[in-house]
Novice: 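There's a structure below that I have some questions on.
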2 protein chains.
Amino acid sequence: MSITIKDVAKHAGVSIATVSRIVNNQPGFGKKTKEKVLKSIEELGYTPNAIARGLVGRETRTIGVLLPKVSGLFASKLLEGIETTARKEGYSVFVCHTDSKEDRSIQDLQVLKEKQVDGMIYASDQLSLAQGQLLEAMTCPIVFVSTQSLTHPFPYVKVDDYQAAYDGTSYLLTKGHEQIAFIGGEQDDLIAGKPRDKGFRQAMKDHGMPINEALMVYGDFRFQSGKKGLRQLLAAKTPFSAVFASSDEMAVGVLSEAYDKGISVPKDLAVLGYDNTMAAEMAIPPLTTIAQPLDDMGKQAVTLLLTIRENRGKAISNIEAEHEIVERKTVLLRKNTKGLFY
Amino acid sequence: MSITIKDVAKHAGVSIATVSRIVNNQPGFGKKTKEKVLKSIEELGYTPNAIARGLVGRETRTIGVLLPKVSGLFASKLLEGIETTARKEGYSVFVCHTDSKEDRSIQDLQVLKEKQVDGMIYASDQLSLAQGQLLEAMTCPIVFVSTQSLTHPFPYVKVDDYQAAYDGTSYLLTKGHEQIAFIGGEQDDLIAGKPRDKGFRQAMKDHGMPINEALMVYGDFRFQSGKKGLRQLLAAKTPFSAVFASSDEMAVGVLSEAYDKGISVPKDLAVLGYDNTMAAEMAIPPLTTIAQPLDDMGKQAVTLLLTIRENRGKAISNIEAEHEIVERKTVLLRKNTKGLFY
DNA sequence: CTGTTAGCGCATTCAA
DNA sequence: TTGAATGCGCTAACAG
């Protein structure tokens, strides 16, 4: 049985209302009373009960974050950004690892609602219809990070994947590469998969380069699928001098598979990644990649969330996060990399 | 204004007590009543308020996790294990990123207490005196993962770092390496730093190998400090054929620096890591390392926590997590690696 | 400046 | 099998 406001009031010989005022720094108490109460609080070791506060105050100072996966460099960086800003604003964060399972995320939504979170951040996964409806029914504000809903108008903070992929491809083209392989995400991923694919294709087209479908393969953004991607590419025996991987993890998978096969990066093959997680920095050789400002996106997401909350505003203002190309060691001028199958 | 148990009661024409019983599956209601109430709940879209429940029931089904860092492969894997098991048991988890800052973790402790968490998991960081006292004063059970308190008897789940380092070193010795460099964590880290250092030294000693202090350097478990570590080692110009890094990140740093310097792993130098995070799998070449079962440790931690909670038991039972050596590609027999400065 | 009181939404006695 | 009443710890009127 913990010690409550009542105990403090009794100990200090005042009413609970006075204690409450002092604890919450509200006007209306004398200097001497304050001292008395503060001393009692100190002596008794009183801690306010946030649950009780939440019940009457109708705010819990808590937000929920749904992530498809929390281990991994991408999600954890995002989460760290969210936590850092949330804390600064006086909020705690519930992590929910949905594992991209619909039933899990529905359960999470339910629990978060029951726990009366003040807001929710939905991160980097596609939304099913059922989830969308559940979200619609939510009374708290919801913000998407690193994803968006095509069917429901939730505000989001996210880089423009199409444009980023377009720019990345152009970068490779500018370096003189012409036969460029592409390892994408799942093709039915309308958020992170398709737009990058489209951006790639459009950039190729705008530069007058034909698309060779044998050079278009798809994975799931993970390391192993990057390895597999390169294997598929190699099996096609079609000439190419660069590969654009849709995630750093896949790009590192390409590096790894290339190493196994005795292919030297960047001397034989150029590799471009996407995300700029620490994996890019740690890679051998260090990976040239398209950066997403993950920690900043986390920050922006909670800022946006809290703004909407304060304004009780449905005012949907999306935030376009900036992408940029971080040059490291995996892309050289075309003339300096041999290429494969030429 | 959300819809409450009262609304359901009114709608169904019963008392709130009955609704409560039905919602909580407690004995004492008729079949027809149940149907009626369930229908009302369905129609109104009622969701119980966990905050109110928490206030009366004195349990919030929430646990707090304190991590020095949440981005990164190590912590996020641990966190994922914790979340997965917590969810299975019906608990939500608050993440707190302490950044190893004492004021932050003290704030976190305070907040978690106010939010009435049912338990706390303190992960992989050393405990200061002030934190220890705060933890002592906590009314909820507390479990340590991947760390322990030397001054306070909190239960922990953790691998035996001394033994693991001893075994890792023995492994290298068994492969025929004799001059082995060691890159440790902070030397004043009594939990993860010192024991590994001791295990290393003892293993060397037991195998009759002298310790060359020029081959003992220290970092902070991070990538960059691994790079720096190898640089220091190289500067010493003392012969060695293997390096034992106290974390995978540092080991990958060694790989990276070796690559920069044109040193081939494992042909010129053997490298052994510690942790077996995904960094080890993704490394080039794939890293031989001492595995900590992070997800299992996360699982064990919450299981232990809940057990203590149920038994209201101070019964301290620590859990020793199993370590094992995962052989990949960075360690060969001594005769197959040249070594440096010989 | 301070105290009294009425809920917040719910689980839980105790009666009926 | 059911309902009325009480209180969890706190904030926010309202009254003095």
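Throughout, protein chains are lettered first and strands after them, A, B, ... in sequence-line order, and every chain is numbered starting at 1.
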Novice: For DNA chain C, which residues in residues 4-23 of chain B have a heavy atom at a distance below 4.0 Å?
Specialist: B/Thr4, B/Ile5, B/Lys6, B/Ile16, B/Ala17, B/Ser20, B/Arg21

Novice: Between A/Arg53 and D/dC10, does any side-chain N or O lie under 4.0 Å from OP1 or OP2?
Specialist: no

Novice: List for me each residue that meets salt bridge (charged side-chain N to carboxylate O under 4.0 Å, His left out) alongside A/Glu35, sequence neighbours excluded, and say none if there are none.
Specialist: A/Lys31

Novice: Can you list everything that forms a salt bridge (charged side-chain N to carboxylate O under 4.0 Å, His left out) with A/Glu83? Sequence neighbours excluded, please.
Specialist: A/Arg87, B/Arg104

Novice: Mind checking what makes side-chain hydrogen bond (donor to acceptor under 3.5 Å, both in side chains) contact with B/Gln110, not counting sequence neighbours?
Specialist: B/Glu114

Novice: Can you list the residues that meet the salt bridge (charged side-chain N to carboxylate O under 4.0 Å, His left out) rule with B/Lys39, with sequence neighbours excluded?
Specialist: B/Glu43

Novice: Among residues at least two apart in sequence or on other chains, which ones pass side-chain contact (heavy atoms from CB on, under 4.5 Å) with B/Ala75?
Specialist: B/Leu67

Novice: If you look at every strand shown and take non-hydrogen atoms under 4.0 Å, does B/Pro48 touch a base, only sugar-phosphate, or nothing?
Specialist: sugar-phosphate

Novice: How close or far is atom P of C/dC1 from atom CD of A/Glu35, stated in whole angstroms?
Specialist: 14 Å

Novice: Please find out if less than 6.0 Å separates the ring center of A/Phe154 from that of A/Tyr122.
Specialist: no

Novice: Applying side-chain contact (heavy atoms from CB on, under 4.5 Å), can you list everything that pairs with B/Thr60, at least two apart in sequence or on another chain?
Specialist: A/Ile51, B/Thr62, B/Gln116, B/Asp118

Novice: Under the side-chain hydrogen bond (donor to acceptor under 3.5 Å, both in side chains) test, which residues partner A/Thr47, sequence neighbours left out?
Specialist: B/Lys113

Novice: Using five base pairs at each end to define the local axes, how bent is the helix from C/dC1-D/dG16 to C/dA16-D/dT1, to the nearest 10°?
Specialist: 40°

